[in-house]
Amino acid sequence: MSRLQVVSGKGGTGKTTVAAALALALATEGKRTLLVEVEGRQGIAQLFETEALPYEERKIAVAPGGGEVYALAIDPELALLDYLQMFYKLGSAGRALKKLGAIDFATTIAPGLRDVLLTGKACEAVRRKDRSGRFVYDYVVMDAPPTGRITRFLNVNDEVAGLAKIGPIHNQAQAVMRVLKSPGTAVHLVTLLEEMPVQETADGIAELRAARLPVGRVIVNMVRPEVLDAADLDLVETVPRAAVARALSAAGLGGARRGGSAERLVDPLLEQAAEYAERYALEQEQRAVLGELELPLHELPLLAEGMDLAGLYELATELREQGMP
């Protein structure tokens, strides 16, 4: 099992929710997981119903079996200060640079450097060991940028090519790439059963493969329950209206006479069935497209009550039951 799990997806697909549920699933049975946020949205804090995350690793949940989930919201400016202290021992001089605005300036004019800092912090957590030589975290889950820029974000070696050919920045980028392109990393993509997210997922996977980044699995989120199967939908198209009215009456939904309440229900009921049939066909088409990607596929249900902490644990259980991880 890869120790660095990267989760991306088109905006609106629920990638942060899936990343959080995956962190809980990985932490089950006594494991320790770090959930990393790199976009500054504080989405993890909202999901776990806690206060905004500072730039430090903080325990936010306990998984079934006693495992722990820690979270970290990476701040590029503070990560750069860490970097300057690590390689150049600037100390208070680095803090002075922040006050002068130099840190913000550096991360703004050199977005490649920003990505090195964000990915580098996550990779450092993957490699970190305690005094006994054991890894501090069994797994690190990164809530990564959306699919449209995930390959560029992870391919930091290319990003820094114009910044430094040698030196600490170059060496840091090389170290990060060794982690990101290793079997110890898996990049998962979250989608919905809709044409645009599925197409973006297919395009993202093609880009990741072209960059030789390790693609993991596809997670279909917010899947609606199946009300009617294909056989039922075939029946809907052929059943006479009168037979539907009689069935409604038999179920106690009004009289069978012409104009009775059962008769008035027939048209709305058939219209709903037609709408469901159209959506069902579209979803089946998108499943077929995802199947052509030749990757493990997982589906998470749409939670009728909305997303809360209990729902997050429910999704984590669902992932484990489906063999992920």
Side-chain angles (χ1 to χ4, degrees), residues 1-37 43-50 60-71 137-144 146-147 186-194 197-198 201 204-205 215-229 279-280 282-284 286-291 293-325:
M1 171 57 62
S2 301
R3 296 188 58 250
L4 175 58
Q5 307 270 326
V6 180
V7 180
S8 180
K10 179 177 169 58
T13 60
K15 70 176 179 63
T16 299
T17 298
V18 172
L22 178 58
L24 279 169
L26 287 164
T28 303
E29 299 178 358
K31 303 294 184 181
R32 177 182 286 189
T33 300
L34 176 65
L35 178 58
V36 176
E37 182 177 78
I44 292 172
Q46 295 174 28
L47 281 171
F48 284 94
E49 302 173 4
T50 185
I60 59 170
V62 177
E68 298 174 329
V69 176
Y70 286 73
Y137 294 106
D138 296 291
Y139 301 100
V140 175
V141 177
M142 181 193 295
D143 177 21
T147 315
V187 184
H188 310 299
L189 296 187
V190 182
T191 187
L192 305 178
L193 285 176
E194 298 173 6
V198 167
T201 297
I205 288 170
V215 183
R217 308 179 184 209
V218 174
I219 302 150
V220 183
N221 196 23
M222 294 185 276
V223 176
R224 297 180 180 89
E226 185 176 283
V227 179
L228 303 173
D229 60 20
R279 193 183 77 221
Y280 178 89
L282 290 173
E283 290 178 347
Q284 292 301 102
Q286 300 313 310
R287 280 192 175 94
V289 173
L290 293 173
L293 299 175
E294 299 182 346
L295 289 172
L297 188 66
H298 303 269
E299 295 192 4
L300 294 177
L302 174 66
L303 299 182
E305 302 299 321
M307 180 51 60
D308 56 14
L309 194 54
L312 204 56
Y313 277 86
E314 182 180 337
L315 294 183
T317 300
E318 187 72 28
L319 284 173
R320 288 194 60 81
E321 289 178 351
Q322 292 186 31
M324 182 181 182

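- Every salt bridge (charged side-chain N to carboxylate O under 4.0 Å, His left out) that Arg320 has, sequence neighbours left out, goes to Glu29.
- Distance check, rounded to the nearest 0.5 Å: CG of Leu34 to CE of Met142 gives 10.0 Å.
- For the pair Glu68 and Ala27, the tightest heavy-atom approach, listed with the atom from each and the gap, is O-CB, 3.6 Å.
- The two residues Val69 and Ala23 have their closest heavy-atom pair at CG2-O, 3.8 Å.
- In plain terms, the two heavy atoms of Val6 and Ala144 that are nearest each other are CG1-CB, 3.6 Å.
- Note that OG1 of Thr50 is 7.5 Å distant from CD1 of Ile60, once rounded to the nearest 0.5 Å.
- The CG atom of Leu295 lies 9.5 Å from the CG atom of Leu290; values are rounded to the nearest 0.5 Å.
- The ring pair (Phe, Tyr, Trp, His ring centres under 6.0 Å) test applied to Phe48 returns no partner, not counting sequence neighbours.
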Let me check something: any side-chain donor-acceptor pairs from residues 218-226 under 3.5 Å, sequence neighbours excluded? List them with distances.
residue, atom, partner, partner atom, Å
Asn221, ND2, Thr13, O, 2.9
Arg224, NH1, Glu283, OE2, 3.4

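- Here the OG1-CG distance, from Thr17 to Leu300, works out to 10.0 Å after rounding to the nearest 0.5 Å.
- Side-chain contact between Leu189 and Thr191 is absent, with no heavy-atom pair separated by less than 4.5 Å.
- Here the CG atom belonging to Leu35 is positioned 13.5 Å from the OH atom belonging to Tyr70, to the nearest 0.5 angstrom.
- By the ring pair (Phe, Tyr, Trp, His ring centres under 6.0 Å) test, Tyr139 pairs with no residue at all, sequence neighbours left out.
- The two atoms that bring Gly12 and Leu192 nearest to each other are O-CD1, 4.1 Å, heavy atoms only.
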What side-chain donor-acceptor pairs closer than 3.5 Å can you find for residues 312-319, not counting sequence neighbours?
residue, atom, partner, partner atom, Å
Tyr313, OH, Val62, O, 2.8
Thr317, OG1, Tyr313, O, 3.1
Glu318, OE2, Gln322, NE2, 3.1

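- Side-chain atoms of Gln5 do not come within 3.5 Å of backbone N or O of Leu22 as any donor-acceptor pair.
- Within 6.0 Å of NZ on Lys31 lie no more than 12 heavy atoms contributed by other residues, nucleotides or ligands.
- Side-chain atoms of Thr28 and Leu24, non-hydrogen and from C-beta on, never get closer than 4.5 Å to each other.
- Considering only heavy atoms from C-beta on, His298 stays 4.5 Å or farther from His188 through its side chain.
- Considering only residues two or more places apart in sequence or on other chains, Arg217 meets the salt bridge (charged side-chain N to carboxylate O under 4.0 Å, His left out) condition with none of them.
- Considering every non-hydrogen atom in both Asp138 and Arg3, the closest pair reads O-NE, 3.2 Å.
- Considering only heavy atoms from C-beta on, Lys10 stays 4.5 Å or farther from Thr201 through its side chain.
- The heavy-atom pair separating Pro146 from Lys15 by the smallest distance is N-CE, 4.1 Å.
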